[in-house]
Visitor: 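Following this message is one structure expressed as structure tokens.
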Amino acid sequence: MEGLEQLRWAEALIREKTEGKQKLLAGWDGMPVVRIEDGCMVGLYFALLKNQKTGLYDCRVKGYIRTCGGYNPSARMKELTEECARIAALVAQLEAADIHGDGEAVAAFCEELKDRREGPGGEEGGG
């Protein structure tokens, strides 16, 4: 897989592995960001950063815990543990894919995300 295909694959994988609760959308700057539903306890960070040595955009993914403090019963702790494990596996899979693309591929992918958001039936566009 190359550039644009890798990015499309990553987008589909994120939706699949999070059951649509986390998805890539165009951010305020046009670059991809992860939209996370309120009920998620663990989030995914996804960024495309330009590598100054290669000129390519490298994908950086991380997981983070969105909950903080407080005492929880065992059932809630089990849910958090399972969600952490799912996001950890997703992060590992995306890291192993070594996703990167040139400026043209990244621009095309970002435009697809933007069109989907603004078009009929899009995330923000209605329909």
Side-chain angles (χ1 to χ4, degrees):
M1 276 191 295
E2 292 295 323
L4 186 55
E5 293 86 19
Q6 285 184 316
L7 292 166
R8 288 174 178 157
W9 171 81
E11 177 190 17
L13 185 68
I14 291 167
R15 280 184 188 256
E16 174 191 333
K17 297 294 183 178
T18 65
E19 299 172 344
K21 293 178 183 174
Q22 299 187 40
K23 51 193 132 203
L24 288 181
L25 299 174
W28 63 268
D29 62 352
M31 295 298 280
V33 295
V34 180
R35 180 176 179 191
I36 302 168
E37 289 185 6
D38 289 341
C40 295
M41 296 178 282
V42 182
L44 180 71
Y45 167 80
F46 182 100
L48 294 171
L49 305 172
K50 190 166 187 179
N51 183 319
Q52 297 302 315
K53 291 182 181 180
T54 66
L56 297 175
Y57 286 82
D58 296 332
C59 178
R60 297 286 181 256
V61 290
K62 305 285 182 205
Y64 62 94
I65 298 175
R66 298 178 74 208
T67 61
C68 60
Y71 298 99
N72 293 290
S74 63
R76 183 75 167 159
M77 294 302 293
K78 184 177 186 233
E79 289 173 9
L80 177 58
T81 302
E82 291 169 353
E83 194 171 338
C84 280
R86 284 192 304 273
I87 294 297
L90 176 58
V91 169
Q93 192 172 2
L94 290 168
E95 286 175 340
D98 190 29
I99 299 169
H100 55 272
D102 61 17
E104 189 175 304
V106 169
F109 182 68
C110 292
E111 193 61 33
E112 288 178 11
L113 293 177
K114 182 180 174 192
D115 288 347
R116 198 168 308 130
R117 182 184 73 198
E118 294 175 352
E123 299 298 330
E124 307 281 331

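The residues of the chain are indexed from 1 along the displayed sequence.
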Visitor: Any heavy-atom pair between the side chains of Trp9 and Leu94 that's under 4.5 Å?
Guide: yes
Visitor: Check whether Tyr45 and Ile99 end up in the same hydrophobic cluster, where Ile, Leu, Val, Met, Phe, Trp and Tyr are linked by side-chain heavy atoms less than 4.5 Å apart.
Guide: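 Tyr45 and Ile99: one cluster.
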Visitor: Measure from the side-chain N and O atoms of Gln6 to the backbone N and O of His100, and report whether any donor-acceptor pair falls under 3.5 Å.
Guide: yes
Visitor: Output the distance between atom SG (Cys40) and atom CZ (Arg35), rounded to the nearest 0.5 Å.
Guide: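 Taking SG in Cys40 and CZ in Arg35, the distance rounds to 11.0 Å.
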Visitor: Nearest heavy-atom pair of Leu113 and Pro32: which atoms, and what distance?
Guide: CD1-CB, 3.8 Å
Visitor: Rounded to the nearest 0.5 Å, what separation is found between the OG1 atom of Thr18 and the NZ atom of Lys23?
Guide: 8.0 Å
Visitor: What's the separation between atom CD1 in Ile87 and atom CD1 in Ile36, rounded to the nearest 0.5 Å?
Guide: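 Output value for this atom pair is 8.0 Å.
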Visitor: Rounded to the nearest 0.5 Å, what separation is found between the OG1 atom of Thr81 and the CZ atom of Arg86?
Guide: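 Going from OG1 on Thr81 over to CZ on Arg86, the span is 10.5 Å.
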Visitor: Looking only at heavy atoms, which two atoms of Leu7 and Phe46 are closest? And how far apart?
Guide: CD2-CZ, 4.3 Å
Visitor: So, taking the atom named CD in Glu112 and the one named CG in Leu4, what distance separates them when rounded to the nearest 0.5 Å?
Guide: 5.0 Å
Visitor: Go through it in stages, so that I can follow the logic: the residues are Glu111 and Asp115, the test is side chain to side chain contact (heavy atoms under 4.5 Å, CB included), and I'd like the CA-CA distance, side-chain angles, deciding distance and then a yes or no.
Guide: CA-CA 6 Å; Glu111 193 61 33; Asp115 288 347; 3.3 Å; yes
Visitor: Supply the atom-to-atom distance Asn72 CG to Met41 CE, rounded to the nearest 0.5 angstrom.
Guide: 8.5 Å
Visitor: Got a list of side-chain donor-acceptor pairs under 3.5 Å for residues 55-65, not counting sequence neighbours?
Guide:
unit_1 : atom_1 : unit_2 : atom_2 : d
Asp58  : OD2    : Asn51  : ND2    : 2.9

Visitor: Within the side chain of Gln22, is there an N or O that forms a donor-acceptor pair under 3.5 Å with the backbone of Val42?
Guide: yes
Visitor: Salt-bridged, Glu11 to Arg116, with N to O below 4.0 Å?
Guide: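 A salt bridge links Glu11 with Arg116.
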Visitor: In the single-linkage hydrophobic clustering (I, L, V, M, F, W, Y; side-chain heavy atoms under 4.5 Å), do Val33 and Val91 co-cluster?
Guide: no
